[in-house]
Amino acid sequence: MEDVRRVISIIVMNESSVLSRISGLFAGRGFNIESLTVAPIPDSQKSHITIVTKGSLRVIEQITKQLHKLIPVYKVIEHEEMIEKEMVLVKFPLGDNLADIKALCEAYNGTIVNVGASMVIGMVADEPVRIKHFIEASGRYNPMEVVRGGVVAIER
Amino acid sequence: MKMSGAQMICEALIAEGVTTVFGYPGGAIMNVYDEIYKQTGFEHILNRHEQAAVHAADGYARATGEVGVAMVTSGPGFTNAVTGLATAYMDSIPLVVISGQVPLSLIGTDGFQEIDAVGISRPCTKHNFLVYDIKELPRILKEAFYIAKTGRAGPVLVDVPKDITAQIGEFNYPTTVNIESYKPTIKGNEKQIKKAVDAIVKAKKPLLYIGGGTILSNASDLVKEFASITQIPAVETLMARGVMGATNPLLLGMLGMHGNYSSNMAMSETDLVISLGARFDDRVTGKLSEFAKYAKIIHVDIDPANIGKLVSVDYPIVGDLSFVISKMIELIKDEVNPDRYHAWRDILARYNALHPLKYDDSDDVLKPQWVIEQIGKLVGEKAIITSDVGQHQMWAAQFYPFDRPRQWINSGGLGTMGFGFPAALGAKRGFPEKTVINITGDGSILMNVQELVTASEYKIPVINVILNNNFLGMVRQWQTFFYEKRYSSTDLSYQPNFKALAEACGGIGYDVATKEEFDEALLDAIAKDRVAFINVSVNRFENVLPMVPAGGALYNMMLEHKESK
């Protein structure tokens, strides 16, 4: 079976060991994690975890079923029709190309978020494939540091 | 009512109807042991090793169907218990294990006897808790029991820091449980059940594939009724021995790596597998691509994750087997024509006649299979049989005439040597009036041999029949077959005087080398009502046959091994 990419949202009880239960499940059963984000859901005792994974359809089915089995897991959503976004922060050395960097960020719906004495930080939030392209394009401005966030997704 | 955390634990156990707790004290759990000393609601059995305490609780749970309870201290007490937890986890046995932990203020500081118990036990428990607040303790204890025994059962660990056991809090033990994120599916989907029944009615060569879930669900009588109405032949997994009853004409036997010929051939030729509480373990299926190659598959399981995990399923049914099979009986009663499977039953009967389960008995040397058959003749359905892991376990599963569920207790999933003796203690505590026999080997018995002392102290007279071949027999068998007889670290000729060892610990010992001696020893041990070791010298190079080599197709069985002598 061919591997497919899946974005899975997991709604969990916001308690101390819940993330280790999830990541431990993936490690213990040999499932792959491409990215993982977690944040509390406002005004609730719950958290939202988003995992991007790859595997055969049988493996993906096992992942969702095994996640369901964990006691603190309320809901597992295997996304199909979704809006998917990822964020990246890139630090560039400050030269006379500030305008170029700004133009690049804006081309990817991003912006300059900080300018220091010797560096400038750009931020882009977009679909993962666009983030990849942005990082490639920013290569010509000699980025000093690239920090990529995990994917978050919401069903349409 | 105000009380300490330690008192709360005792009160909760009593409220849950616990009568026996197996355990071992230590620093972090001392407050609880102080309360155990004061109370009269349950008895505490002091095993001589934490692993044995958890296995004993496990044996108690398997024999009675109730939740087994064990108690251990932090650090090494807990790590010793891990094998017990994993054993119960793999076989879906309901346990609540309570472990002490260092005080909250010391957690994370590498304190004395501190270990991350919830971290270590996460992959080998159904769920676990670390108690951070005494206010949570009553709810957590209630939930631990509820989670352990509902849905797909399993062990639950409650790790309690020492300061929590000393604190005083309000104790109102909950009467109900509502865990919003945990709602097991009990009743199967009716439409799916109907579809499955239609498939059974139309099949030509259906086969009941009965797993340990049948016993866990207490569905054995219903499964037998279903078989009887439909006259569909059945195979049992290692964990399901006793469901159909040894003399049931529909039972072909055990399938899998050491299954009998007709069972494995039935699975290879069936056109419809009806899986009832089984999970397609690799020791059952052999080579997956050849497993039940011509069959559609009905899979009834309480755990949705088991369905489709290893084989593609045509009729998935998630639910408790008791509910599902009741519904199936109701729907199939007036639909099924048992004569339809007549030709199929005939084929299987011919297979069985062609290669019945057999061994060559001898008058010169005791054969382990004979010993097991003889136990069956002498105590039969009256006894509860536990076992350790290895050749003796397979021979017991093959040759003992199991007649009822919960009569056969063994570590199937994890394959834990050292399980049988403490599990026998637990089973005997559950059924003091029944003869409990641990069929074991000279390798396995030494893992947890210290339980001789426990058995003597508490007068729990279980009988250990040691099938002694001076080998770590199953590994030796693989070395004979697959490693050109390089017997690396499997020769156990250097061994204790088992008779003297038993007697040194307050038990009774027998050395047996002939059939007459065996009969005498077993009957005497039953009459003496003391913990016993019957050390039986058996043929050294006996092999467990048939055998499907690991990774081979089920139909490619080794039926005999010429050189075995």
Side-chain angles (χ1 to χ4, degrees), chain A residues 1-4 6 8-33 36 38-41 43-51 53 55-78, chain B residues 86 89 92 104 107-108 116-133 136 139-140 143-144 146-148 150-159 177-185 279-280 288 299 301-313 316 318:
Chain A
M1 268 192 273
E2 213 176 298
D3 281 1
V4 293
R6 283 287 183 278
I8 297 171
S9 281
I10 312 157
I11 313 300
V12 298
M13 265 194 252
N14 187 2
E15 59 179 28
S16 64
S17 60
V18 68
L19 187 59
S20 77
R21 291 184 201 281
I22 306 258
S23 59
L25 172 71
F26 275 73
R29 292 194 181 263
F31 303 147
N32 159 297
I33 298 182
L36 185 155
V38 54
I41 298 173
D43 303 322
S44 81
Q45 306 287 330
K46 297 172 186 169
S47 286
H48 188 129
I49 295 175
T50 313
I51 290 183
T53 184
S56 67
L57 289 176
R58 171 165 286 164
V59 167
I60 301 287
E61 187 188 329
Q62 267 298 300
I63 290 173
T64 57
K65 284 176 164 179
Q66 294 290 351
L67 285 169
H68 259 300
K69 268 174 75 171
L70 297 174
I71 307 290
V73 169
Y74 287 94
K75 208 170 171 187
V76 180
I77 306 154
E78 194 183 328
Chain B
Y89 179 69
S92 309
L104 280 171
I107 287 181
D116 175 11
V118 289
I120 287 177
S121 63
R122 193 174 19 75
C124 59
T125 52
K126 182 173 173 186
H127 194 52
N128 56 23
F129 298 90
L130 171 57
V131 183
Y132 285 100
D133 188 334
E136 305 266 282
R139 177 187 60 81
I140 285 174
E143 287 184 2
Y146 178 77
I147 290 168
T150 52
R152 181 179 181 181
V156 177
L157 176 83
V158 183
D159 196 34
V177 172
N178 182 16
I179 308 168
E180 206 193 318
S181 56
Y182 175 70
K183 308 275 182 204
T185 308
R279 61 179 177 88
F280 299 84
L288 266 177
H299 189 170
D301 205 304
I302 186 93
D303 179 1
N306 271 348
I307 297 177
K309 182 170 67 179
L310 291 151
V311 299
S312 299
V313 172
V318 177

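Convention: sequence-line order gives letters A, B, ...; per-chain numbering from 1.
Within the 4.5 angstrom heavy-atom criterion, no atom of A/Ser17 approaches chain B. Looking at B/Asn128, both its backbone and its side chain come within 4.5 Å of chain A, counting heavy atoms on both sides. Heavy atoms closer than 4.5 Å to chain B are found nowhere in A/Ile11, neither backbone nor side chain.
Annotation: ring-ring contact (aromatic ring centres under 6.0 Å, His included) contacts of B/Phe280 (sequence neighbours excluded): B/Tyr209, B/Phe291, B/His299. Under the side-chain hydrogen bond (donor to acceptor under 3.5 Å, both in side chains) criterion, A/Arg58 pairs with B/Ser312, not counting sequence neighbours. Under the rule for a side-chain contact (heavy atoms from CB on, under 4.5 Å), the partners of B/Ala153 that lie at least two apart in sequence or sit in another chain are B/Pro94.
Between B/Arg122 and A/Arg21 the shortest heavy-atom distance is CD-CA, 3.2 Å.
The choice from B/Ile179, B/Leu130, B/Val118, B/Val311 that makes the most heavy-atom pairs within less than 4.5 Å of chain A is B/Val311. Annotation: maximal heavy-atom pairing with chain A below 4.5 Å, among B/Gly119, B/Gly308, B/Gly151, B/Pro184, occurs at B/Gly308. Of the listed residues (B/Arg152, B/Lys126, B/Glu180), the greatest number of heavy-atom pairs within a distance under 4.5 Å of chain A belongs to B/Glu180.
Annotation: residues 64-76 of chain A contacts chain B through A/Lys65, A/Gln66, A/Lys69, A/Ile71, A/Pro72, A/Val73, A/Tyr74 [non-hydrogen atoms, separation under 4.5 Å].
Of the inter-residue distances, the one linking B/Tyr132 atom OH with A/Glu15 atom CD reads 9.5 Å to the nearest 0.5 angstrom.
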